Amino acid sequence: MCAKSEAGARRSISLLFCCGIFLAANAFAQPELEEIVVTAQKRENTLQREPLAVSAFSGEEIARLGGNDPNVLGYIVPNLHVGEETNRDGLSMTIRGVSGTDVRNAADPTTAFHVDGSYVPRLSGPQAYFYDVERIEVLRGPQGTLYGRNSTAGVVNVITRKPDYEEFSGLAEVTAGDYGLIQLNGVINVPLSDRAAARIAVMSNNRDGYRENAPSEDGDDADELGFRAHFAFEAGENTSILLTAESYERGGVGGVASFATFPNDNTGLLSSDPAGVNPVDTQGHRDSSDSNFRFEFSHSFPAMDLTYLAAYRNHERDFLADADFTAEPSIESFVQETTESITLTHEARVTSTGDGALQYIAGIYLLDEEIDGDFVVGLTHFLFGPTFRVRFVDQGLTNQSAAAFLHTTYQVNDRLRAIVGLRHTSDEKDKGGHAGDLGMTADTATGSFQTVGLANGPTFFLAPQIANPEWNETTWKVGMDYDLSENALLYAHASTGFKAGGYNRGSQARPGAPLVVYNPETVTAVEGGWKMRAEDGRTRLNLAVFMYDYKDLQLGQTFTNEAGTITNQTVNASDASVSGAELEAEVLFGESGRGVFSLGYLRTEFDEFTGVDDPLIVGSQSLSATGNELTRAPGFTASLMLEPAVWEFAGGTLTPRVQFHAESEAHLAVLNRDFEKRDAFTRTDLSLYYESAAENWYVNAYVRNVEDGDVATYMECFDFRQMGVPVQQCERAYAPPRTWGVRAGLRF
């Protein structure tokens, strides 16, 4: 990727917009666009008839874009940014300027991530789900009625391929590329009878690291192994059951951030190429795993369908990484964590199927999660002696949520429909801490606690981690959609969203006191849109405009430096506003050409946000971020995919493709300082896809990120002078460099 000036990015986006208009104006005789079926509102509908802003992509489309993880979504969905906190592999998804940046073990995301309708509470290692995919849907905007808590930014639905009762089939695929890349994918579908079938999918992904970290091993590598088995059967004429088991393991060195630039640097430690070279002296490792089991039961009654979905998830994470991101012997430090999250979720809902004017979806939802963890930050040569460490231990930390919801659509007349939805959520979070006999020290045998001291030596501070907050919230949606014609839909709605509150690790006002609790985040959103499909079926165009009003917007990974001690907190900004627009288009042109275009505009602002501290300065400054832009919220994003023609070649077809993406600059921290800014950039991917006439084998050669520039996706700043080391630092994580490879597959 190549950093560009803001003016250059605007010129690129203007050019993309003109290309999109040109494509729409030049569509003529060739086959129609396929209808895209989505389940965004928990019932089947076509993309063009769904009255909300949703993008949908087939599994094959995602694969051709290089989509073995969620990062690809950031280059094809308007107003969507994807970043990854390196140490924990924690995914940060920003939709329309709203981020869930806190990836600690008990923190909640802002974008609700679902696989086959099942909620994934811990966004660490979501690559576990990005293989053998039928489609991916991205819902932009709060989805508080049907999806509930923690969907204030939006929802990502991954729908995997299910067993086919009729045909034995399979896939064998291999990808090889630079950085020692070897990817393997295999699928087999087996009909067992007229009423039973099984589908098994496996994936393996191995790659050397993108970043040179000598004397340690290269970071940002890949070592993944995934397995999924579906077993489907029809228990009766109107009854179906789907059983799913998934396993995923991720090893290797893991992500390694770079010690990046900051003001007044006099250390000489900064790398001249932080995105490619960053020496560290602590050898990192990563060992993450997911074990998931799902049970889905469906039964059709004369006027409604009953669906019950239960899921069990066991997520484990074990990592060790350099904490100062340097190889300087005087500041050897590390961060280490082991954590386990066990989650049970249940959803039961009924969906109307009759022809009446009133259609509804009603249901209940339950979540029960327990987390155990051990998190340590250490300085290995504290005052030339033993390791100094700060440790947080979680034992029996629980998150519980219960909700009931109702979503209705009423057919007012032949063209007009009214929408009303309501959901009530009750949340409780218990840190699991217990005080000892004196009421101040921790019960280390059964509860959660914090210690500060020397490894294998004295403890200077020991305190329980106690918090048990509860919240109740009712979210709603009201709106309408109107058929302008058989091929055009107009919609408008107002809705609210709710993200649960929480507590800040180690934030007692005094030893033994309850942790500082931050408030829930709420949003009121207004959105309107227009969806059009041309009469000839060769063009579709979707437009959305929106405006949000946030209260107590949660900002995670906010560092402060109180009395020389760094604290990592989630805080509530008082108020924030977001507005913008999105345009998506797909066009068939010429004899066999295809173009897909998207454009996003975003305006964000902290209406009131005071009391902000500079993490590079010791003590409280109570600075103001009022009037600043939200983080990871570029003003403009644009994408263009162009397949100019499909050529007949060697008995098959050959399809060239250009995928182009541009973004304007964005701030990575709330104070909006220049050194915390990510520059405008462009990204270009090129590919050539050959498929046999029988469509039973294919070869795809690609080059991704032709520009090969340095694009930061994540940033944190803090001050190591708290430990007697005169270093202020800002770490950055970067998007992958230019890569190339060949993907070949055999279908049978």
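Given the structure is predicted, the values throughout are model-derived calculations rather than measurements.
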Would Ser289 and Arg317 count as a side-chain hydrogen bond (donor to acceptor under 3.5 Å, both in side chains) here? Give the steps. CA-CA 7 Å; Ser289 66; Arg317 185 171 63 205; over 6 Å; no

[Y] and [X], any side-chain heavy atoms less than 4.5 Å apart:
X: Ser579; Y: Tyr548; result: no
X: Glu370; Y: Leu344; result: no
X: Thr398; Y: Lys429; result: no
X: Val420; Y: Thr409; result: no
X: Trp530; Y: Leu541; result: yes
X: Phe130; Y: Val158; result: yes

Exercise answer: donor-acceptor pairs, residues 230-238 side-chain atoms, under 3.5 Å, sequence neighbours excluded:
{"from": "His230", "atom 1": "ND1", "to": "Thr244", "atom 2": "OG1", "distance (Å)": "2.7"}
{"from": "His230", "atom 1": "NE2", "to": "Thr160", "atom 2": "OG1", "distance (Å)": "2.9"}
{"from": "His230", "atom 1": "NE2", "to": "Arg161", "atom 2": "O", "distance (Å)": "3.4"}

Assess whether salt bridge (charged side-chain N to carboxylate O under 4.0 Å, His left out) is satisfied between Arg149 and Asp108, documenting all intermediate values. CA-CA 9 Å; Arg149 65 196 284 274; Asp108 292 318; 3.7 Å; yes

Working note: Thr39 + Asn157, criterion side chain to side chain contact (heavy atoms under 4.5 Å, CB included); need CA distance, chi angles, decisive distance, verdict. CA-CA 9 Å; Thr39 52; Asn157 288 329; 5.5 Å; no

Sequence neighbours left out, what passes side chain to side chain contact (heavy atoms under 4.5 Å, CB included) with Asp481? Give chain and number order. Pro51, Arg417, Ile419, Leu489, Tyr491

For Leu309, what residues pass the side chain to side chain contact (heavy atoms under 4.5 Å, CB included) criterion, not counting sequence neighbours? Ser118, Glu296

What's the shortest heavy-atom distance between Ile76 and Val72, and which atoms? CG1-O, 3.6 Å

Under the rule for ring-ring contact (aromatic ring centres under 6.0 Å, His included), what residues qualify as partners of His299, not counting sequence neighbours?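 Once residues adjacent in sequence are excluded, the partners of His299 under the ring-ring contact (aromatic ring centres under 6.0 Å, His included) criterion are Phe301.
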
Applying ring-ring contact (aromatic ring centres under 6.0 Å, His included), name anything that partners His114, two or more places apart in sequence or on another chain.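 Once residues adjacent in sequence are excluded, the partners of His114 under the ring-ring contact (aromatic ring centres under 6.0 Å, His included) criterion are Tyr119, Tyr147.
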
Taking the ring centre of each residue, are Phe293 and Phe295 less than 6.0 Å apart?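 So the answer is no for these two rings.
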
Is it true that [Y] and [X] share a donor-acceptor pair across their side chains at a distance under 3.5 Å?
X: Thr110; Y: Lys499; result: yes
X: Asn572; Y: Gln554; result: no
X: Glu249; Y: Ser288; result: no
X: Asn292; Y: Tyr248; result: no
X: Ser300; Y: Asp305; result: yes
X: His407; Y: Thr145; result: no
X: Asn542; Y: Glu582; result: no

Identify, with sequence neighbours excluded, every residue that meets salt bridge (charged side-chain N to carboxylate O under 4.0 Å, His left out) alongside [X].
X: Glu521; answer: none
X: Arg349; answer: Glu347
X: Arg135; answer: Glu137
X: Glu473; answer: none

Could you walk me through whether Asp575 and Lys551 pass salt bridge (charged side-chain N to carboxylate O under 4.0 Å, His left out), step by step? CA-CA 5 Å; Asp575 296 293; Lys551 302 297 183 184; 3.0 Å; yes

Please evaluate residues Gln359 and Ser352 with respect to the criterion side-chain hydrogen bond (donor to acceptor under 3.5 Å, both in side chains), reporting the C-alpha separation (whole Å), side-chain torsions for both, the decisive distance (0.1 Å), and the verdict. CA-CA 6 Å; Gln359 300 293 316; Ser352 61; 2.7 Å; yes

For atom CE of Met532, decide whether the heavy atoms of other residues, nucleotides or ligands shown that lie under 6.0 angstrom number more than 12.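 Above 12, so yes.
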
Looking at [Y] and [X], is there a salt bridge between them, counting it only when a charged N and a carboxylate O are closer than 4.0 Å?
X: Lys162; Y: Glu134; value: no
X: Glu527; Y: Arg96; value: yes
X: Arg294; Y: Glu246; value: yes
X: Glu32; Y: Arg533; value: yes

With respect to Tyr131, which candidate in Ile62, Asn185, Val187 satisfies the side-chain contact (heavy atoms from CB on, under 4.5 Å) definition?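 Looking at Ile62, Asn185, Val187, the match for Tyr131 under the side-chain contact (heavy atoms from CB on, under 4.5 Å) is Asn185.
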
List, one per line, each side-chain donor-acceptor pair under 3.5 Å for residues 194-201, sequence neighbours excluded.
{"from": "Arg199", "atom 1": "NE", "to": "Asp132", "atom 2": "OD2", "distance (Å)": "2.9"}
{"from": "Arg199", "atom 1": "NH2", "to": "Asp132", "atom 2": "OD1", "distance (Å)": "3.1"}

For the atom pair CZ (Arg140) and CG (Asn79), what is the distance rounded to the nearest 0.5 Å? 7.5 Å

Out of Arg313, Arg122, Gln400, which residue meets the side-chain hydrogen bond (donor to acceptor under 3.5 Å, both in side chains) rule with Glu369?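 Of the listed residues Arg313, Arg122, Gln400, the side-chain hydrogen bond (donor to acceptor under 3.5 Å, both in side chains) partner of Glu369 is Arg122.
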
Trace of the salt bridge (charged side-chain N to carboxylate O under 4.0 Å, His left out) decision for Arg747 with Glu695: CA-CA 8 Å; Arg747 304 186 185 102; Glu695 299 183 351; 5.7 Å; no

What pairs of residues pass the ring-ring contact (aromatic ring centres under 6.0 Å, His included) test when at least one of them lies in residues 409-428, not counting sequence neighbours?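 Residue pairs passing ring-ring contact (aromatic ring centres under 6.0 Å, His included), neighbours aside: none found.
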
Let me see the working for Asp290 and Arg250 under salt bridge (charged side-chain N to carboxylate O under 4.0 Å, His left out), right down to the final yes or no. CA-CA 9 Å; Asp290 284 86; Arg250 193 179 194 191; over 6 Å; no

Pairs flagged by salt bridge (Lys or Arg N to Asp or Glu O under 4.0 Å) wherever residues 45-58 is involved - sequence neighbours left out: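 Checked against salt bridge (Lys or Arg N to Asp or Glu O under 4.0 Å) - neighbours excluded - the pairs reaching residues 45-58 are Arg49-Asp483.
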
